Colleague: 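Just dropping this structure here.
Numbers here simply count residues along the sequence, with the first being 1. As the structure is a computational prediction, the values presented were derived from the model and not from experiment.
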Amino acid sequence: MEENREKIKSLLFAVNGERFELTNIDPSTTLLEFLRTQTRFKSVKLGCGEGGCGACVVLISKYDPVLDQVEDFTASSCLTLLCSIHGCSITTSEGLGNSKDGFHPIHERIAGFHGTQCGFCTPGMCVSIYGALVNADKKTDRPEPASGFSKVTLAEAEKAIAGNLCRCTGYRPIADACKSFAADVDIEDLGLNSFWRKGESKEVKLSRLPKYDHNQNGHGIFPSFLKEKIKPGLFLVSKNRSWHSPTSLVELQTFLKLNNTGTRTKLLVSNTGMGYYKDIEGYDEYIDLRGVPELSIIRKDPTGIEIGAAVTISKAIETLKQESSCDFPSEKRKILDKIADHLGKIASGFIRNTASIGGNLVMAQMKHFPSDIATILLAVDSEVQVMSGTQFERLTLEELLERPPLGSESLLLSIKIPSWNSNTSASPDHTTKFLFETYRSAPRPLGNALPYLNAAFLTEVSPCKDSSGVMIDTCRLSFGAYGTKHAIRARKVEELFVGRLLSYSILYEAINLLATIIVPEEGTSRPAYRSSLASGFLFEFFYPFIDHPVEITNDYLNGYIEMQENCHDKIPNSLSSGKQVLQSGTEYPPIGKPITKAGAALQASGEAVFVDDIPSPPNCLHGAFIYSTKPLARIKNIKLNSELQLDGVNAIISSKDIPMGGENIGSKSFFGTELLFADEVAQCVGDRVAFVVADSQKLANLAANSAIVDYDIENLEPPILSVEEAVKRSSFFEVPPFFYPKHVGDISKGMAEADHKIHSAEIRLPSQYYFYMETQTALAVPDEDNCMVVYSSVQSPEFAHCTIAACLGIPEHNVRVITRRVGGGFGGKVIKAFAVATTCALAAQKLRRPVRMYMNRKTDMIMAGGRHPMKITYNVGFKNNGKITALHLDILMDAGIYVDISLGFPLTIVGSLKKYDWGALSFDIKVCKTNHPSRSTMRAPGELQGSFIAEAVLEHVASALSIDVDIVRSINIHTYKSLCTFYGGSSGELLEYTLPSIWDQLAVSATFDRRNEMVKEFNKTNNWKKRGVSRVPAIYAVMMRPNPGKVSILWDGSVVVEVGGTEIGQGLWTKVKQMAAFALSAIQCDGIGDFLDKVRVVQSDSLSLVQGGLTGGSTTSESSCEAVRLSCNVLVERLMPFKERLQGEMGSVNWETLILQAHYQSVNLAAASFHVPDFAHAGYLNYGAAVSEVEINLLTGETTVLQADIIYDCGQSLNPAVDLGQIEGAFVQGLGFFMQEEYTVNADGLVLQDGTWNYNIPTVDTIPKKFNVEIINSGHHQHRVLSSKASGEPPLLLAASVHCATRAAVKEARKQLLSWNNYDEPDSTFQLEVPATMPVVKELCGLDIVERYLKWRMSNK
């Protein structure tokens, strides 16, 4: 050890070319933490802290002096420990390019393809793309690409962002920006962009793309000071913690021996395991294994390939791919290739680049991690080498997995994949072949999601001498990740197969036997589904042998491969494509032009400043909430864990710290208030109990997580955790009469006119989490004279302002709330952000120091509340032709513990429900008060549920009548007369009612009828995949709200604009800039040029511009634009006489001269307006329709959205590119609600999905494979802002078309299942849950579908 201590030296690395040399480092510090707190580089964002979102991705470059070359790879900086980058160069997005040095072509193309909205995820996206380009361009075996392109392929370019999450855009424009670099791209396939116009030649298009030079890869030359010999064996000490980088096994053994002295030691390669198994407590010693040569070997010989335990998954994939292309026997090549392919579906690229093969297996062995690697390698009889102390041992992987967890002195050294060569030379009459296949069922095809079950099968088959069948000579079947401690071999099933001629009866027997083996442990989610997957995969593997001619030759198994390809999913080369049809407005330039989003390139480079990017003021503290883990309990005591080293915790703030004259108030809105902290009784899980304030965010989080809260439930009633219980105990929020919608028509009369009735049918709709990329955050800075400045990521600074003042007990003029931009809101930062801002302000006031908080993802998910769950019971009457005569609904809405804005929901639910002519409509809507976190507004709040309820009712009616649901939809679409009956004054003029024409136009443009027929043909000829297609309309009522605007013209003629709305990614600033440029251009000065360049929109400031209201409801952009137009009109009115006088004197007046002279003449060049919409025309309707086509896999339940076609009426769009982004993004967010995102709670109301590991928003591989959007400009709407209409929320409703198409496909599967049982009756009783996840779809298609099919085949033999 003394010898090692002599190695003490500094940590040396570079960030964007800048040298950093550090000596005193806490080894637990992550690269992300360092970059964000100790450098000026803020493009790396904290989105999850789990390596699951890609917001923090950086490029790491390492120099290899032996090969004299640089290795570049992307990595998750939130998991990468700072000490592990010794000798490395780090590149962030602002290091690729920036506003000072010039943007990188990636930044420019992302901006030009309209690939940013809130922009929080964009820098990580850019680095992921860049990593793919850099590594592709190094490949010498690829041809030189055309000028402006990379050697990267189309598939590689798209998959580069497969692990990056985006909640705003819907991914399609980002994918197009990626594809624009690919050497094999057809440029005609790329979507809307700002580089070229429709109809221009390919050559012109190519010339206008920002130039990319693949020989100049952009992040500069690798720093020379890092090419000097970087000595191995880094040894750092900080306080009581140390970091060791041993360079030999002997040195490592010494450290491991010391493990037994009680020292808390962490062995690591890359620390990616921390993304799953969080380090609640720190370690005394960190031992980096990468410097030990034996752990990084890759050894190949005729007996197999040995891979060191520290070798990364990406390196292993590369090695296996190289071997699979070498001159090995074809069977070995195929096995290695399939192992590599499967490894490519684990995690995401930036995790695979650093995560090690051995680390994954050790997590599986010691902590029962649901490993894919263990399952695959188990099937090929892999061996491992383990070191225990000074002893070395070789054993099978199966033996390792079955042993007790490895001890502190034990270490996995390497893994060996043996060679498999079949016996083809034994005799001409006995030819055998190995067949290998791997399987994985997970919510996302390309990884970045844990599997429900994985499997791998290796068999040796030979032709039967006496028949045309196939004999199973040997068999290895492994299964894992299904709720078991580790992957297993299904040995009894293997024994059943071996030596048998494969037949339906043998396969049936094997599947029944397998069901007794694959039994998930108690507590595993969806256990029956996981067991059925095992049966499905076994069937999928062996089924092609039965009743299909198979010929075994020396090269391959003829027939089997074709059958496998028909049965087995293959990911298409292109993840998504599509066409965009839109019209640019010409009447009010630059209004109506698809200009690039304001600040898009800044977002891409990471220079756009979010709240957490603001540098911490001196003496700044950080906070974290302690929240209740009980749904209803008294808080007796709170204390921090005394065993942890919590030096640096400054205070615990609670309701006792509310100052005299202040209120315990966490939100204040039109409908009511919410407590900031639980006074004595916590009302729900996630209720704020206290606020820990510490020297760093990391320490505050650690303290809050370790807090011990003493609860007492004596003499308290049980909590209300369901709407049914709320009804029993009459626990409701009372809806004011003016917020309760009116019934339509006579329900009794309508029911009497019906030919058929459905009574007491039930629908349940779940919650949904916002998953804004930037979690809740605020920074409060005390100012002079008892004032408080708060920087908040909030959608309504005005109301946050009021709440803070009320809590602190100070006048509102002493509070200032500033919001520059929000990293995604979706309604989650309308009310929910108030408490975060208020708590920081309260702590800052008490401690007289700045206080900030960036909420960790888990806490955010537990406290958020999310979308309102609902239980709906309905009675419906209808005619023989499907025309509805009456609908009555009883709706129970779970509002949670506080009212928030839930009282507005009856109006919104019914507003979108009324999209069909129900004849008569009545309802009873109860807003239930429960002991859950208060639910809040979420994009299309209430409207999403109401619109889906309408579709579910019509689906039920169509099933009851056995007629096509599209006929039922069409017959119930409003006439203009019925529209006026249901919507009253919001209906507008007859010409404004465009839904019928959209409905018909979509049928033509989406070739709906032809695709319907094609789907029917497909379903007739495919047993194991079924398709469905559905067309769905949407009507969405919005209400314009008052909004302020202010326009000021500075001395040089530049213009600064303020509006009440906040920029949350919806393009508010872009549309406002366009409006200011249009309105001021009315002065018509000479040589004015592009007025857009003169306009800047600045942050929301609650003191500078009062009455800002809230940003939401889809109309803030147009209201803000109108306020700006009114302000500009005032300025034009002031300047026009002045301009005419100057013109008379000078003959010609340019803008700069006019403004300069106006300043000299004391013309008031600032104007503010408050736009108050005309009440009679403040509300209006939005129209759209979508056709979606899906394909479901009956063996797994996986749903693939093959195509989505949308037509949406934007009126005269203010900016078609911005509106297109809103339409696509909303649709994909709706897709998440209907198909993927589960947000459930346990018996106490604690959220079960609390991070990226178990909450699956859509990714680039789950969006529609073909995504077509048409925006129609529907003429002039005189009461709208320059005839424009909303786009932010209405398209979300159209995602129901995917759910309806899935139901159609499931219906076909169930019809087929009944036919196998010789039933002819139609099956119309099923309900498809929301979300229609893989288990839900599979269950409806039949968990025992394989067994029933085999029984049917055997009975028909």
Side-chain angles (χ1 to χ4, degrees), residues 617 619-628 633-641 646-668 673-684 686-697 699-711 776-783 785-792 800-812 814-817 832-855 859 863 898:
N619 302 312
C620 188
L621 298 171
H622 303 256
F625 284 121
I626 298 172
Y627 55 82
S628 172
R634 287 188 196 86
I635 307 299
K636 293 179 68 178
N637 186 37
I638 305 168
K639 61 182 179 181
L640 302 183
N641 190 335
L646 296 176
D647 298 339
V649 172
N650 286 261
I652 298 179
I653 307 292
S654 68
S655 59
K656 298 171 186 173
D657 296 292
I658 306 287
M660 185 79 68
E663 301 174 52
N664 184 11
I665 183 171
S667 76
K668 186 177 179 182
T673 61
E674 177 177 329
L675 293 180
L676 182 60
F677 292 112
D679 268 330
E680 293 181 2
V681 178
Q683 302 281 336
C684 64
D687 210 359
R688 294 175 293 274
V689 172
F691 186 65
V692 180
V693 184
D695 289 346
S696 70
Q697 190 66 61
L699 182 58
N701 290 343
L702 177 63
N705 288 337
S706 68
I708 300 163
V709 182
D710 189 8
Y711 299 100
Q776 300 283 6
T777 180
L779 165 62
V781 183
D783 203 354
D785 198 19
N786 199 25
C787 291
M788 188 66 63
V789 180
V790 181
Y791 300 88
S792 173
H801 181 130
C802 299
T803 304
I804 293 164
C807 177
L808 301 188
I810 58 178
E812 288 186 11
N814 281 27
V815 176
R816 187 179 188 187
V817 177
K832 291 287 184 176
F834 297 175
V836 176
T838 304
T839 305
C840 288
L842 175 63
Q845 185 194 55
K846 177 180 172 62
L847 301 172
R848 303 180 187 183
R849 293 171 65 177
V851 175
R852 75 189 314 162
M853 174 168 69
Y854 188 80
M855 196 181 286
T859 303
M863 297 176 69
Y898 298 112

Colleague: Any donor-acceptor pair under 3.5 Å linking the side chain of T859 with the backbone of M855?
Modeller: no
Colleague: Do V649 and V693 come within less than 4.5 Å of each other through their side chains, counting heavy atoms only?
Modeller: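 Side-chain contact under 4.5 Å: no.
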Colleague: Mind listing the closest non-hydrogen atom pair of A624 and N701 along with its distance?
Modeller: CB-OD1, 3.4 Å
Colleague: Which value, rounded to the nearest 0.5 Å, describes the distance between Q845 atom CD and I653 atom CD1?
Modeller: 10.0 Å
Colleague: Compare every heavy atom of A678 with every heavy atom of A682, then report the nearest pair and how far apart it is.
Modeller: CA-CB, 3.9 Å
Colleague: Check Q697 against G623 and note the closest heavy-atom contact, atom names and distance.
Modeller: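 Answer, listing the atom of Q697 first, then G623: NE2-O, 2.8 Å.
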Colleague: Is C684 close to Y898 at the side-chain level, that is, under 4.5 Å between some pair of heavy atoms?
Modeller: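 In short, these two side chains do not touch, never coming nearer than 4.5 Å.
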Colleague: Quick one: do S654 and I638 satisfy side-chain contact (heavy atoms from CB on, under 4.5 Å)? Show the steps, please.
Modeller: CA-CA 10 Å; S654 68; I638 305 168; 5.7 Å; no
Colleague: Would you call C802 and E812 a side-chain contact if the rule is heavy atoms closer than 4.5 Å?
Modeller: yes
Colleague: Find the distance between CG (D687) and CG (L675) and round it off to the nearest 0.5 Å.
Modeller: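 Between atom CG of D687 and atom CG of L675 there are 7.5 Å.
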Colleague: Does Y791, at its OH atom, have more than 12 non-hydrogen atoms belonging to other residues, nucleotides or ligands within less than 6.0 Å?
Modeller: no
Colleague: For R849, enumerate each residue passing the salt bridge (charged side-chain N to carboxylate O under 4.0 Å, His left out) test, keeping only those at least two apart in sequence or located in another chain.
Modeller: none
Colleague: Between V790 and L779, is a side-chain contact (heavy atoms from CB on, under 4.5 Å) present by the stated rule, with each step listed?
Modeller: CA-CA 6 Å; V790 181; L779 165 62; over 6 Å; no
Colleague: Any side-chain heavy atom of L621 sitting closer than 4.5 Å to one from S696?
Modeller: no
Colleague: Tell me every residue that passes salt bridge (charged side-chain N to carboxylate O under 4.0 Å, His left out) with K846, counting only those two or more places apart in sequence or in another chain.
Modeller: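 Result, salt bridge (charged side-chain N to carboxylate O under 4.0 Å, His left out) vs K846: D657.
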Colleague: Let me confirm one number: the CD1-CZ distance from I626 to F677, rounded to the nearest 0.5 Å.
Modeller: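 Nearest 0.5 Å value for the CD1-CZ distance: 9.5 Å.
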Colleague: Give a yes or no on whether a salt bridge exists between E674 and R688, defined as a side-chain N under 4.0 angstrom from a carboxylate O.
Modeller: yes
Colleague: If the condition is salt bridge (charged side-chain N to carboxylate O under 4.0 Å, His left out), which residues does E663 pass it with, not counting sequence neighbours?
Modeller: none
Colleague: Got L640 and I652 here, is their nearest side-chain heavy-atom distance under 4.5 Å?
Modeller: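 They are in contact (side-chain heavy atoms under 4.5 Å apart), so the answer is yes.
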Colleague: Could you grab the distance from atom NE2 of H801 to atom CZ of F834, nearest 0.5 Å is fine?
Modeller: 12.0 Å
Colleague: Are F625 and V836 packed together at the side-chain level, in the sense that at least one heavy-atom pair is separated by less than 4.5 angstrom?
Modeller: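 SC-SC contact between F625 and V836 confirmed.
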Colleague: Give the minimum heavy-atom separation between L847 and A651, together with the two atoms involved.
Modeller: CD2-CB, 4.0 Å
Colleague: About how many Å separate CD1 of I804 and OG1 of T838, when rounded to the nearest 0.5 Å?
Modeller: 4.5 Å
Colleague: Is it the case that the side chain of T803 and the backbone of K668 share a donor-acceptor pair, with hydrogens and angles ignored and the cut-off at 3.5 Å?
Modeller: yes
Colleague: Please check this pair: side chain of N650 against backbone of G648, looking for a donor-acceptor N/O pair closer than 3.5 Å.
Modeller: yes
Colleague: Would you check, one step at a time, whether the test side-chain contact (heavy atoms from CB on, under 4.5 Å) holds for R852 with H622?
Modeller: CA-CA 5 Å; R852 75 189 314 162; H622 303 256; 3.5 Å; yes
Colleague: Would you say T777's side chain and M853's backbone share a donor-acceptor pair under 3.5 angstrom?
Modeller: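 Looks like yes, one N/O pair under 3.5 Å.
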Colleague: Ignoring hydrogens and geometry, is there a side-chain-to-backbone donor-acceptor pair from N664 to L676 under 3.5 Å?
Modeller: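 Checking the backbone N and O of L676 against the side chain of N664, a donor-acceptor pair under 3.5 Å is found.
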Colleague: Does the side chain of Q776 reach to within under 4.5 Å of the side chain of Y854, using non-hydrogen atoms?
Modeller: no
Colleague: Which heavy atom of I708 sits nearest to which heavy atom of N641, and what is that distance?
Modeller: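 For I708 versus N641, the nearest heavy atoms are CD1-CA, 4.3 Å.
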Colleague: Looking only at non-hydrogen atoms, find the nearest pair between S792 and A837 and report the distance.
Modeller: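 The pair with the smallest heavy-atom distance is OG-CB, 3.9 Å.
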Colleague: Compare all side-chain heavy atoms of Y627 with those of V689 and state whether any distance is below 4.5 angstrom.
Modeller: no
Colleague: With distance as the sole criterion, is a donor-acceptor pair present between the side chains of D785 and N814 under 3.5 Å?
Modeller: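 The answer is no; no qualifying pair exists.
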